[in-house]
Amino acid sequence: MSTLVPFAAADAGNFLVKPSVGLMIWLLLAFFATLFILRKYAFPAIGEALDKRQRAIEESIDAATRTREEAERLLAEYRQRLTEARQQADEIVARAERAGEVHERETLEAAKRKREELLEQTRRDIEAETRRAIQEIRHEVADLTVAATEKVTRKTLTEEDQRRLVEEALSELDFTALSGTERSN
Amino acid sequence: MKARLLAAVCAPFALLLLNPAGALALNVNENYHPQNEFRLDPWISIKIGGIDLSINKAVFYILLTALFTCVTMVYIARRMRDRPNRVQTAVETAYTLMRDNITGGNMDRGMARRWFPFVATLFLFIWFSNMLGYLPLPTNTEEKVNIFGAHIPSLALYAATANISIPLALTLVVWVSYHVEGIRAKGPIGYLKSWVPAGVEGPARIPIFLIEVISHFVRLVSLSVRLFANILAGHLLILFMGGGLVVLLNLAIAGSVVLGLLTGTLAVAFFLFEVGLVATLQAFIFATLTSIYLGGAVAESH
């Protein structure tokens, strides 16, 4: 039954926990040889490859960041330019509208002025015509009067007396009624 | 086919239920010594100056571990690629773990750079040794298999770390290293003074110092035995579950089959557990504690 608990027997299993100097020497040889080889041929290469990749990743990230910043800057610039362009366009349209309004007003005013001038001119022509007509009527009346007087009196006054008499008579007549009627038109 | 398989599996259980006393008749095998799986018989006897340097199974495993560690790591290191494959990714992960967590996390930058190769080699050496321990190799010289007249040693599981000498030797290296590092950083007197935690004044320092001395020696035991006992226990479990118990108890045929089926299933579970977790975990713990001891030796107070 002693084998049921094999390691209780002192001579059966104590070699498991008995250190052996020879084995330890073998281990130290193997371990330090491994350490030497790994340190010389394995670790530097692995570390370097990792560092290289690390650097590559960092550079990629930096480059990506730079590119994004550049893109954002460009975008902002374009946005600003677009805003400016829009503002300018609005301004141009507004200015054109203002100019159009001013032009229209000026045209209207000019047309109005022109019409008034024409009206004025017409009025002045009419007045002048009226004055001339009255003048003609005067002359006509004077001539007729002279002729009538000659026939009645059979006597001829000098041309000069004649005219003076008629003028005196006409000056007593009022023609203002004529021009007044015309003006009221 | 399925029905027949089921019947074959169920038959021993049925026999066991029909006649439990007969099936479970205990007839302990007095000739079976499971501990002999771990015995080291000299293969080539070498003795130099009274020290037994014979080549045996453990030495074979040590040399195999060293060879595997060097060849694997150097091979991977020589063909490092910018776009890593799976193996390279695994090695890189291990390397980063060793550099940034195990060493980098416990020492300052300069010291971590100086001690990284040592700690990393410890980790890899122990890891390869543990993993090789789960590879069945023809190392059982006690039991030979006759293949066409050639007596080939039967396949067996063994691990160099399941022998106290190996973890103890590694522990001694660590122990000496961290004391040397401490003395180099603070001088012999300063280093010994730093054992007493800050804040302890007057005569209380003497017992505290003595406790610290003991704790340093206990580290020798704890660090080595933790690794040794874990690996040995794992191998014993696999050994017993994988048939050892059946052979040892030597039950009647039905009982043996039932016991074999149960323990065989457990053996697979234990094997996966050991390979998947314990082997790596123990290597990690050993390397981490080494780093903590080294870092603690130069720290202001610990």
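No hydrogens, no waters, no symmetry mates; every other heavy atom, side chains included, goes into these values. Each chain gets a letter, A, B and so on, in the order its sequence line appears, and its residues count up from 1.
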Exercise for the section: Could you look at A/L28 and say if it's the side chain, the backbone, both or neither that has a heavy atom under 4.5 Å from chain B? Expected result: side chain
Problem - When B/A120, B/S224, B/A77 are compared by non-hydrogen pairs under 4.5 Å with chain A, the top option - result: B/A77
Problem - B/L122, part contacting chain A, at a heavy-atom distance under 4.5 Å - result: both
Exercise for the section: Give a yes or no on whether the backbone of B/I76 and the side-chain of B/Q88 come within a donor-acceptor separation of less than 3.5 Å. Expected result: no
Exercise for the section: Report the relative orientation of the aromatic rings in B/Y178 and B/Y293; use parallel for angles under 30°, tilted for 30 to 60°, perpendicular for over 60°. Expected result: tilted
Practice task
Check each atom of A/L23 against the heavy atoms of chain B and say whether the ones under 4.5 Å are side chain, backbone, both or neither.
Solution key: both
Exercise for the section: Specify which of B/T121, B/N56, B/L232, B/L168 makes the most heavy-atom pairs with chain A at under 4.5 Å. Expected result: B/T121
Exercise for the section: With a 4.5 angstrom heavy-atom cut-off, could you sort out which part of B/V91 is near chain A: side chain, backbone, both or neither? Expected result: side chain
Problem - A/D51 and B/R99 ion-paired at < 4.0 Å - result: yes
Exercise for the section: Name the region of B/F125, side chain, backbone, both or neither, that has any atom closer than 4.5 Å to a heavy atom of chain A. Expected result: side chain
Handout entry: Short N-O contact, A/E136 and A/R132, less than 4.0 angstrom
Key = yes
Handout entry: Portion of B/Y75 that has a non-hydrogen atom of chain A nearer than 4.5 angstrom
Key = neither
Practice task
For each of A/R39, A/E48, A/M24, tally heavy-atom pairs with chain B at distances under 4.5 Å, and name the one with the top tally.
Solution key: A/M24
Practice task
Could you tell me whether A/R123 and A/E120 have a side-chain N and a carboxylate O separated by less than 4.0 Å?
Solution key: yes
Problem - Nearest heavy atoms of B/T103 and B/F116, plus distance in Å - result: OG1-CD1, 3.6 Å
Exercise for the section: Give a yes or no on whether a salt bridge exists between A/R73 and A/E70, defined as a side-chain N under 4.0 angstrom from a carboxylate O. Expected result: yes
Practice task
Check each atom of A/I46 against the heavy atoms of chain B and say whether the ones under 4.5 Å are side chain, backbone, both or neither.
Solution key: both
Handout entry: Contacting moiety of B/L170, where chain A heavy atoms sit under 4.5 Å
Key = both
Practice task
With a 4.5 angstrom heavy-atom cut-off, could you sort out which part of B/R81 is near chain A: side chain, backbone, both or neither?
Solution key: backbone
Handout entry: Per-residue contact mode, B/V74 against chain A (heavy atom under 4.5 angstrom)
Key = both
Problem - Per-residue contact mode, A/K40 against chain B (heavy atom under 4.5 angstrom) - result: neither
Exercise for the section: Please check if the side chain of B/H235 supplies one atom and the backbone of B/N230 the other of a donor-acceptor pair under 3.5 Å. Expected result: no
Practice task
Answer yes or no: is there a side-chain heavy-atom contact under 4.5 Å between B/W127 and B/L132?
Solution key: no
